[in-house]
Amino acid sequence: MSAPATGLSRFYLLLAAATLALFAFANLRSPLVNEDGVLYLLLAGRIGPEGLSSAFALYDRPFYPWLIATIHAASGLSLTHSAVCLDAAFCVLLALAFAEFCRLLYGDRGVLPWAALLILAHPKLNNYFGFIIRDTGYWALLFASFCAWLRHLDDGRPRWLLLWAPATLLAAALRPEALVFGLLLPPVLLLSARGARRTALARMLLAWALVFGAMALALLVVAALDPGTFAQPMRDANDVPAALWRDIPAHFRAAAGRYASEVLDPHAADVAALSLAGGLLVILLAKLLNGLGPLQGLLLAHGLWRVGVAPAAANRRAYAAMLAGALLIAAGFVAYRHFLDTRYVMLAVMLLLAPAARSLQAIAARVSARGATARAGFVAAALLLAGLDLLLGLDRPKPYLNECAHWLRANLPPGSPVFANDKQLAWTSGGRWDYQTAQDANVLIAELRAPVAGNGYWIVHVKRGQDELAQQLQAYRWLLTPLHRCADPKGSVVEIFAQAQAP
């Protein structure tokens, strides 16, 4: 092995070790399983004894829980530890694939340490390191597919397409919107062709065939193996493009009508649609800037204003297609739901971190020209600023929830029947509870339909501002014996009760 290759391998080993250290840090800070993670663990618990078909009763995309169940069955680890192992692998793959993506995008190994610094010190991403979510695997597999795509653009070898297509399909198994990149990237081959158009057209058709042909074949095989279970999910999946095309305008018109009647003056009703569209664009931009953060945003602005951060000429169209796809997915979500979680812009944020890393590399090069001392000082300052950005941007812990979780583990008999309105605490309790009942618990309490038969314990989380829920709970006090109370200074309270025998 050559010296440069050896140095590259050592860098990636160090990057993997650093990623695992930050992953451990994030999980130690978040002892409670996140709400999405609770659903995935419940599904994985069903898949083990009952098979994959049982998961479709709760969720129509159970590939991620199936991976957790597979690790659980193969290793003997608990479901939670199996999910942590899976997510650790995905987080390492994401860090490595992102760094390699930046190297390939610019054709320069010098960008690697700065790319690694920005991805590891990104506070939003480190928060997600402590979650059990499919998004980490989705991002990791997409960046792995992007790396394969850039390598194919570089040398034209079909073997890179044979890596790109399955990586894209696996990402789509976690989040179907990954297929957007299977659709957008192949035409880049035709746009980039300067000579042999027929060859470029053949490569484009081959890329599409590998993705969508393999997907169709997989669906046919699955349908043949278990037509009863997978027929409806397949029909639902086939209807998604048409449904989005149909529902987004319908939802927008309905929202514009409500906006005109409830917010705007009657004389301004004719601009409701324009005003709503502007508001949704502001949401998208605000979430994007919030995901970038101040340090990365300043680096990106500096790079665009003062430094040439454009990718290598051969990769520019591909990068533009990737960024357009990421923004299209986020825009489609905000247009459909009129809401946008930071997770949905994280792919676009990470794509924008690549030119931010290039900008940081350019600043480091200018400082290094002044001597070794200046370079050492700059590296120290960069590490300090990145560390501060990470620490200041982390989610704030909620001690009252951790206290409650500790009490539940120590005092609640395993397998006890539980009624709860907080899925995280219900899972932590180790009791028997129903997911849908927990989902609807606040409504059941308000309508005096909370189940009073068959429950040994109640776990009720009254969040700040839910005064009405606290009043509605009074109707059940005669049935409940207080056991423990955890309060947040900001006003949220968790109360744990023992339930008396229902008459």
Side-chain angles (χ1 to χ4, degrees), residues 94 97-98 100-102 104-106 135 137-154 156-158 160-194 197 199-216 218 237-238 240-245 248 281 284 288 291 310-336 340 343-355:
L94 174 58
F98 175 79
E100 178 69 2
F101 170 79
C102 292
L104 294 170
L105 187 68
Y106 290 103
D135 300 73
Y138 162 70
W139 299 326
L141 289 165
L142 269 182
F143 269 101
S145 75
F146 293 163
C147 289
W149 187 264
L150 293 180
R151 285 186 174 274
H152 180 69
L153 288 181
D154 180 52
R157 295 181 181 179
W160 300 119
L161 291 180
L162 295 176
L163 288 176
W164 168 76
T168 303
L169 282 174
L170 287 173
L174 293 169
R175 296 199 69 95
E177 53 265 38
L179 291 175
V180 167
F181 300 98
L183 187 67
L184 290 180
L185 285 177
V188 171
L189 296 170
L190 198 60
L191 294 173
S192 302
R194 296 179 180 177
R197 289 279 177 178
T199 303
L201 178 62
R203 290 162 64 197
M204 181 184 75
L205 295 176
L206 174 62
W208 272 337
L210 286 172
V211 171
F212 295 102
M215 182 182 68
N238 290 334
V240 165
L244 290 176
W245 187 262
I248 286 179
L281 286 174
L284 178 60
L288 196 62
N315 298 327
R316 288 175 189 172
R317 289 186 177 90
Y319 178 75
M322 293 168 188
L323 188 57
L327 292 173
L328 178 65
I329 291 168
F333 187 87
V334 75
Y336 184 75
L340 193 63
R343 279 186 291 173
Y344 292 95
V345 298
M346 278 303 297
L347 182 61
V349 165
M350 285 186 280
L351 285 167
L352 290 173
L353 284 184

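Residue numbers count from 1 along this sequence.
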Which value, rounded to the nearest 0.5 Å, describes the distance between [X] atom [atom1] and [Y] atom [atom2]?
X: L105; Y: M322; atom1: CG; atom2: CE; result: 7.5 Å
X: C102; Y: L353; atom1: SG; atom2: CG; result: 8.0 Å
X: M350; Y: L323; atom1: CE; atom2: CG; result: 12.5 Å
X: L327; Y: L351; atom1: CG; atom2: CG; result: 8.5 Å
X: L179; Y: L169; atom1: CG; atom2: CG; result: 7.0 Å
X: R203; Y: L189; atom1: CZ; atom2: CG; result: 5.0 Å

Using every non-hydrogen atom in the two residues, find where [X] and [Y] come nearest and quote the distance to one decimal.
X: W139; Y: R343; value: CZ2-O, 3.5 Å
X: L284; Y: A331; value: CD2-CB, 4.1 Å
X: T168; Y: A178; value: CG2-O, 3.8 Å
X: A97; Y: A140; value: CB-O, 4.2 Å
X: A207; Y: L161; value: CB-CD2, 4.2 Å
X: G182; Y: V211; value: CA-CG1, 4.5 Å

Is there side-chain contact between [X] and [Y], with heavy atoms separated by less than 4.5 Å?
X: E177; Y: Y138; value: yes
X: W208; Y: L183; value: yes
X: W164; Y: P186; value: yes
X: Y319; Y: P355; value: yes
X: L104; Y: D154; value: no

Would you check, one step at a time, whether the test side chain to side chain contact (heavy atoms under 4.5 Å, CB included) holds for I329 with F181? CA-CA 10 Å; I329 291 168; F181 300 98; 3.7 Å; yes
Measure the acute angle between the ring planes of F146 and F101, then classify it against the limits of 30° and 60° as parallel, tilted or perpendicular. tilted
Using modelled atom types only, decide if a donor and an acceptor are shared between the side chain of [X] and the backbone of [Y] within a distance under 3.5 Å.
X: H152; Y: R157; value: yes
X: N315; Y: L150; value: no
X: Y106; Y: A310; value: no

Check whether the side chains of Y344 and R175 place a donor and an acceptor atom closer than 3.5 Å, and report yes or no. yes
